[in-house]
There are 2 protein chains.
Amino acid sequence: MNGQFSETLKGLKLKATPKRLAILRLLSQESTYVSPEEIWQRLRGRFGAIGLPTVYRNLEELAAGGVITKVIHPNRQLYYFLCSNRHHHHHFICVACRRVEDVDVCALNDLEREVDAKIGGRVLSHIVQVNGLCRSCAVAAAGSGEKQ
Amino acid sequence: MNGQFSETLKGLKLKATPKRLAILRLLSQESTYVSPEEIWQRLRGRFGAIGLPTVYRNLEELAAGGVITKVIHPNRQLYYFLCSNRHHHHHFICVACRRVEDVDVCALNDLEREVDAKIGGRVLSHIVQVNGLCRSCAVAAAGSGEKQ
DNA sequence: TCTTAAATGAAAATCGTTTCTCTTTAGAAG
DNA sequence: CTTCTAAAGAGAAACGATTTTCATTTAAGA
């Protein structure tokens with residue numbers, strides 16, 4: 001299970017250091033996005049220490065390599081999660097439980113084409129983030145207070 | 001032309017102060033997104049002074065009211081621009097000239113429906129940002145060096 | 001006009017993120 | 001199994017955008 005990550009890192013020409021592997025492992029065990037700070041908190045016990053800058057640096061590198069995805073947060077604060085598909089970074093985020101699910105919406109290809117036609121220029125990239133309640137949270141919400 | 005904005009502000013229960021109006025006017029004259037800092041720089045001459053916090057505060061309030069839109073910037077720094085449609089915040093941004101154009105893509109309604117079905121929960125909102133080159137910049141790019 | 005809640009400015013605080021510099025280490029080479 | 005070197009890490013300090021505090025001013029309804 002670790003070799004898999006080492007392999008990934010080798011592909012990115014990144015050394016397979018214990019901390020880097022730990023970050024990857026942690027993210028792989030999460031079904032939600034995690035902040036650099038959070039990762040740091042959780043990992044500092046396991047090693048003599050891990051520096052916050054190290055966490056940031058690694059996340060940045062991994063994100064650049066497409067192994068993890070940066071969540072778009074309206075204001076500041078970045079969040080990351082392991083992404084299954086290196087080229088389709090569209091995700092559904094439950095605002096209640098923060099679970100992240102990949103969204104492989106075909107409509108997006110149409111979207112690019114459509115925007116392309118409408119603008120008459122060239123579409124280079126797009127970012128899509130869908131926020132909402134996942135099934136279980138929606139059910140839970142409906143069960144209790146149901147806010148309008 | 002000013003009364004229009006006063007009206008808008010009244011609807012949001014915000015006082016029509018000179019600075020607030022100036023911010024709105026400035027944004028209305030821009031066809032691109034502008035940073036709080038930039039707005040501040042451009043406005044400080046016209047008044048005895050305008051504080052950066054004031055700019056931030058106002059932008060936040062106006063964005064909350066749906067009069068302006070916050071651009072999703074991967075990392076830090078927020079940008080705003082006046083939006084024509086209070087409920088459709090989808091925009092095309094030219095990475096070259098920073099011009100912003102509204103994208104009223106119908107596919108997005110399908111998108112919501114589709115994600116809704118796929119997730120089985122409830123979609124509350126979504127953010128879409130399309131980056132690329134607008135027509136004129138695309139032409140210009142093609143005319144000169146054409147990068148890849 | 002009067003009154004009051006809202007708005008503002010200036011300075012200081014916050015806080016996420018990055019940079020610097022020196023030390024340690026992964027991993028290719030021998 | 002050592003050696004060597006570029007990459008990686010720690011810790012502290014720097015950065016810089018955004019926010020808070022609080023005393024002062026002002027819009028706008030009474």
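Convention: sequence-line order gives letters A, B, ...; per-chain numbering from 1.
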side-chain contact (heavy atoms from CB on, under 4.5 Å) test vs A/Ile68 passes for just one of A/Leu59, A/Asn58, A/Val34, namely A/Leu59
Protein-nucleotide distance ([X], atom [atom1]; [N], atom [atom2]), rounded to Å:
X: A/Leu9; N: D/dA7; atom1: CG; atom2: P; answer: 15 Å
X: B/Tyr56; N: C/dG9; atom1: OH; atom2: C1'; answer: 16 Å
X: A/Leu43; N: D/dA8; atom1: CG; atom2: C1'; answer: 15 Å
X: B/Ile50; N: C/dA10; atom1: CD1; atom2: C1'; answer: 14 Å
X: A/Glu37; N: C/dT18; atom1: CD; atom2: P; answer: 14 Å
X: A/Asn58; N: D/dA7; atom1: CG; atom2: P; answer: 15 Å
X: A/Gln41; N: C/dG16; atom1: CD; atom2: P; answer: 11 Å
X: B/Leu59; N: C/dA7; atom1: CG; atom2: C1'; answer: 15 Å

Pairing residues for B/Thr17 by the side-chain hydrogen bond (donor to acceptor under 3.5 Å, both in side chains) criterion, not counting sequence neighbours: none
Tell me which nucleotide among D/dG9, C/dT8, D/dG11 gets nearest to the side chain of A/Thr54. D/dG9
Would you mind telling me which of C/dG16, C/dT8, D/dA8 lies closest to the side-chain atoms of A/Glu61? D/dA8
Once you round to the nearest 0.5 Å, how far does CD1 of A/Ile39 lie from CZ of A/Arg44? 14.0 Å
Are side-chain N/O atoms of A/Ser28 and A/Arg25 paired as donor and acceptor at under 3.5 Å? no
Output yes when a side-chain donor or acceptor of A/Arg20 lies under 3.5 Å from a complementary backbone atom of A/Lys15, and no otherwise. yes
A/Val55 backbone acceptor or donor facing A/Trp40 side chain under 3.5 Å: no
How would you summarise protein contacts on nucleotides 20-30 of chain D per nucleotide, using B for base, S for sugar-phosphate only and - for none, with heavy-atom distances below 4.0 Å? B-----BBS--
Any ion pair linking A/Arg42 and A/Glu37 (charged N to carboxylate O, less than 4.0 Å)? no
Any A/Lys13 side-chain nitrogen or oxygen under 4.0 Å from OP1 or OP2 of D/dA6: no
Flag the pair B/Leu14 / B/Thr8 as yes when at least one side-chain heavy-atom distance between them is below 4.5 Å, and no otherwise. no
Please lay out, stage by stage, how B/Leu62 and B/Leu9 fare under the test side chain to side chain contact (heavy atoms under 4.5 Å, CB included). CA-CA 9 Å; B/Leu62 293 172; B/Leu9 291 177; 3.7 Å; yes
Rounding to 10 degrees, work out the angle separating the end axes of the helix from C/dT1-D/dA30 to C/dG30-D/dC1 (five pairs an end). 40°
